[in-house]
Amino acid sequence: MYLTTNKFQAVIGAGPSGLTSIKGCLEEGLEPTCFESSDDIGGLWRFKECVDPGRANIYQSVIINSSKEMMSYSDFPPPADLPNNMHHTQLLIYLRLYAEAFDLLKHIQFQTAVLSVRQRPDFHVSGQWEVETERSGHRETLVFDAVMVCTGHFTQPHLPLSDFPGIEEFEGKYLHSWEYRSAEGLQGKRVVVVGIGNSGGDIAVDASRIAEQVYLSTRRGAWVVSRVGEGGLPGDLVGTSRWDRLMQTLFPSWIASSIENKVNQIFNHRLYGLQPKHGFFAQIPVVNDDLPGRIISGRVLIKPNIREVRGSSVVFEDGSVVDKVDVVVFATGYNYNYPFLPSGLLANSGLPLCLYRHVFPLGLARPSLAIVGFVCNLGAINPLAEMQARWATRIFKGLLTLPPEKAMLQDIKRDTSTLQNRFACLERHPLQVDHIPYLDSMAKEIGVRPNLLWLLLTEPGLGLRVLLGPCTPYQYRLRGPGQWDGARQAILTQWERVAQPFKTRIAPQEENKIRFSFSLKLVLTMSGTAILLTLFSRHSASSVLSHPADILAKVCTLPETMWGHK
């Protein structure tokens, strides 16, 4: 049967992207109905003892790579006592708190699978979709004015067995990282892990604690960084500001070389067999605190790509052979497929993935279907998914419009070409985006991108935090639609929340305040600010400050505590 709805939006999936999409609909006065095939929220971040086809899965030891301030939603700072880099169980607590705070659960239909999403016969006029669902064997088709797909891209394992001759006759066991749960059962085993992405590195470390020997096979190598940054601060809070992004744009080679040198000072990637051919920013680095220690202790041995498998022996491209291998784990990524969507919907003009701003498919008469959270970046996914949802819901509501299809296609091709010149392996990973520029591009259209010059003029303490501090999501709630009165305070207190989890024991000496080594940045910023303000004052009849020197003087007299967490 068909049930007609009025201005209802379908949200598919109740993971991090689905939850923020429900909230995005509610902010715009839309009525969302979320379909979740499992019995709980969390998506990828909810550990399942048994793997279910078509669902994302994680292993028991997973800790998030992004710190809590960088992965938070823009109007919901994480509790101060949560650790900066959370175990997946703690991240799930944060998601539950978010869902409860905004009363999202009542909009979710659990244990309801989406079988198909197809256009109605009058789609060119109505833009409506027929969504067929199944629950407890009962099928139902409902009509929605728009659909938001939020199931992510970790559901369809990529297992390229044809690239590994002899693997199907392997005498041991092989599996994809999607199936891996823990190191249980690997005691005394010889394990080969194929692929050195974040999953490959994590699994190699996890298995090496009890296995006889672990071999980590990589074709290209990788840059490996720690979650722990300068001074023990979360690594992604240092060097990820708007100012840092500007420097990367102006001096890409110099900045990349500087970071590579710093990373190699911690441990020499060439000595450890990890040195990649690509530069630091050409591929997402591996975030792993333990891998260097497992390599230096011999618990993990780095090997080149596999040439072939012979019985229980694995032959590598350098001619070396490891005999009596028990388990091969393929950490070889995922395919990008939404089986419930019309075939070919995401492809266009010869591109295997053709989405405007990684959200809207081309070729539809009405922009009433959005893919949310279908991106990769050097940073957290939650803020990106949230911004996508805020942007998409305003388009659904008619407050914003998309460019003509020809212009969108040109934008996609231009963006693809730019990213191909920068990122390695883009063909296998067409979801790559630049974190701050991507957020800013949509924030500008919505009207929520922070006005940096105005902040520096009117409230330089906050303005400098926005410019020089980590680009936390709260910046996108300072102004415009969805403005949140708590955004300013969230930015001013973010270092307090960073410091709080460390206070399980106060050192005998006076507790030091968390500070940035921003001396050079501050000098450069003040110089740049002076230039900007000079230009600004020349083109403005009135100014908040009479001369650029006034703002510099005001900056120089800021209290010392602005560099701390007070």
So, [X] and [Y], do they make that salt bridge, N to O below 4.0 Å?
X    : Y    : result
R497 : D81  : no
R465 : E459 : no
E386 : R390 : no
R96  : D40  : yes
R477 : E27  : yes
R181 : E49  : no

So which heavy atom on L186 is nearest to which on A207, and how close? CD1-CB, 3.7 Å
Starting from the C-alpha separation in whole Å, work towards a yes-or-no answer on ring-ring contact (aromatic ring centres under 6.0 Å, His included) for H176 and Y334. CA-CA 10 Å; H176 191 273; Y334 293 82; 5.3 Å; yes
Residues which pass side-chain hydrogen bond (donor to acceptor under 3.5 Å, both in side chains) with R219, listed by chain and number, not counting sequence neighbours: none
Sorted by chain and number, sequence neighbours left out, side-chain hydrogen bond (donor to acceptor under 3.5 Å, both in side chains) with K106 holds for D103
Any chance you could measure [X], atom [atom1], to [Y], atom [atom2], to the nearest 0.5 Å?
X    : Y    : atom1 : atom2 : value
L104 : C25  : CG    : SG    : 10.5 Å
I259 : N264 : CD1   : CG    : 12.0 Å
D440 : Y476 : CG    : OH    : 4.0 Å

With S67, the side chain to side chain donor-acceptor pair (under 3.5 Å) member among N85, T472, N84, D236: D236
Classify the ring geometry between F102 and Y98 as parallel (under 30°), tilted (30 to 60°) or perpendicular (over 60°). perpendicular
Where does the angle between the aromatic ring planes of F251 and W254 fall among parallel (under 30°), tilted (30 to 60°) and perpendicular (over 60°)? perpendicular
Y474 ring center near F76 ring center (under 6.0 Å): no
For the pair Q475 (side chain) and L467 (backbone), establish whether a donor and an acceptor sit closer than 3.5 Å, ignoring hydrogens and angles. no
